[in-house]
Amino acid sequence: MDRTAPHLAAEGWPRSDSTTRYGTVSRCLHWGMAACFAIVFAAALAHYFAKDSAAEALLWPAHKPVGFLLFVLVALRVVWALMRARRRPPHLSAAARWGHRALYLLMIAVPSIGLLRQYGSARAFEPFGLQVMDAREDGRIGWMVELGGLVHGELGWALLALVTGHIAMVLWHRRSGHDVLPRMAGD
C-alpha cells in the first residue's frame with residue numbers, strides 16, 4: 001500500500017533538478033546552508049560589534065560547530081552540483097556564473113582555513129560532540145594559527161558581502177521580470 005501523500009506522488013517526490021528548477025536535494029542543501037549562514041554570520045557580527053554582550057554569549061559558541069556543519073554541507077553540495085551539472089537551471093549571465101563560482105570558492109576556503117587554524121592551535125575540536133580533532137601534545141603550529149588569524153575573518157566578511165549580493169540580485173531579478181526565486185523556492 002502506497003502511503004505517499006497524493007500531491008507528492010503526483011509531483012514525483014523527491015523532485016530532481018531540471019533545466020527550469022532545482023530539485024528537492026538541491027533545495028534542502030541550499031536552504032539548510034542559508035540557515036547555517038544566518039547563525040554563523042550573526043555570531044560573527046555579535047562577536048565583532050557586541051563583544052561581551054548577551055548576544056555574543058548566546059551566538060558565539062555556535063560559530064565553530066555550525067561552521068563545521070557548513071563545511072560538510074558545502075562538500076556535499078559541490079559533489080551534488082557536479083553530479084547534476086547538466087540537469088540544473090542555467091545561469092542568466094556570465095556575471096551570475098562567476099558570482100556563484102566565487103561563492104563556492106569562499107564557502108570552501110573560509111571553513112577550511114578555520115579548520116586549519118583549529119588544528120594548528122593543538123586544541124581538540126568536537127562540534128556537536130563529534131570528535132573531529134584530538135588535542136595534540138606536540139604543541140601549536142604557528143603558521144597555521146597565524147594564517148587563520150590573518151585571512152579567516154577577512155574572507156568570511158567577503159563571503160558575507162557575496163551572500164548579501166546574491167540575495168540582492170535575486171530580489172533585483174524578481175523586480176525586473178526575470179524572477180529566479182521560484183527555481184529554488186517553489187513553483
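Nothing fancy with the numbering, it's 1 onward along the sequence.
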Can you pull out every side chain to side chain donor-acceptor pair (under 3.5 Å) where at least one residue sits in residues 138-158? Sequence neighbours excluded, please.
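Sorted pair list: Arg136-Asp138.
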Working for side chain to side chain contact (heavy atoms under 4.5 Å, CB included), residues Leu115 and Met133:
CA-CA 9 Å; Leu115 286 169; Met133 293 177 200; 3.8 Å; yes
Which donor-acceptor pairs under 3.5 Å do the side chains of residues 30-40 make with protein atoms, sequence neighbours left out?
from	atom 1	to	atom 2	distance (Å)
Trp31	NE1	Met184	O	2.9

Could you tell me which non-hydrogen atom of [X] sits nearest to which non-hydrogen atom of [Y], and how far apart they are?
X	Y	answer
Pro90	Arg183	O-NH2, 2.7 Å
Phe71	Ile108	CE1-O, 4.3 Å
Leu116	Leu147	CD2-CD2, 3.7 Å
Leu162	Leu106	CD1-CD1, 3.5 Å
Pro65	Phe128	O-CE1, 3.2 Å
Gly156	Val110	N-CG2, 3.7 Å

In terms of hydrophobic clusters joined by side-chain contacts under 4.5 Å, are [X] and [Y] together?
X	Y	value
Leu160	Met169	no
Ile167	Leu70	yes
Trp98	Val170	no
Leu76	Leu103	yes
Leu58	Phe41	no

Among residues two or more places apart or on two chains, list those pairs meeting salt bridge (Lys or Arg N to Asp or Glu O under 4.0 Å) that have a residue in residues 56-73.
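Qualifying pairs, neighbours excluded: Lys51-Glu56.
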Arg101 atom CZ, over 12 foreign heavy atoms within 6.0 Å
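Atom CZ in Arg101 is crowded, with more than 12 foreign heavy atoms closer than 6.0 Å.
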Atom OH of Tyr104: over 12 foreign heavy atoms under 6.0 Å:
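More than 12 within 6.0 Å, yes.
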Test your reading of the model: is there a side-chain donor-acceptor pair from [X] to the backbone of [Y], 3.5 Å cut-off?
X	Y	value
Gln118	Val145	no
Arg27	Tyr22	yes
Ser16	Gly23	no

If the condition is side-chain hydrogen bond (donor to acceptor under 3.5 Å, both in side chains), which residues does [X] pass it with, not counting sequence neighbours?
X	result
Ser26	Asp17, Trp80, Arg88
Arg174	Asp179
Thr164	none

For His100 together with His91, are the ring centres under 6.0 Å from each other?
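Distance test on ring centres: under 6.0 Å, yes.
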Student check: side-chain heavy atoms of Pro127 and Leu69 closer than 4.5 Å
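A side-chain contact under 4.5 Å is absent here.
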Can you check whether His63 reaches Trp60 side chain to side chain, under 4.5 Å on heavy atoms?
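Yes; the side chains approach each other to less than 4.5 Å.
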CE on Met107 to CZ on Arg77, rounded to 0.5 Å
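It comes to 5.0 Å.
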If you round to the nearest 0.5 Å, how far is NE2 of His166 from CG of Leu171?
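Answer rounded to 0.5 Å: 10.0 Å.
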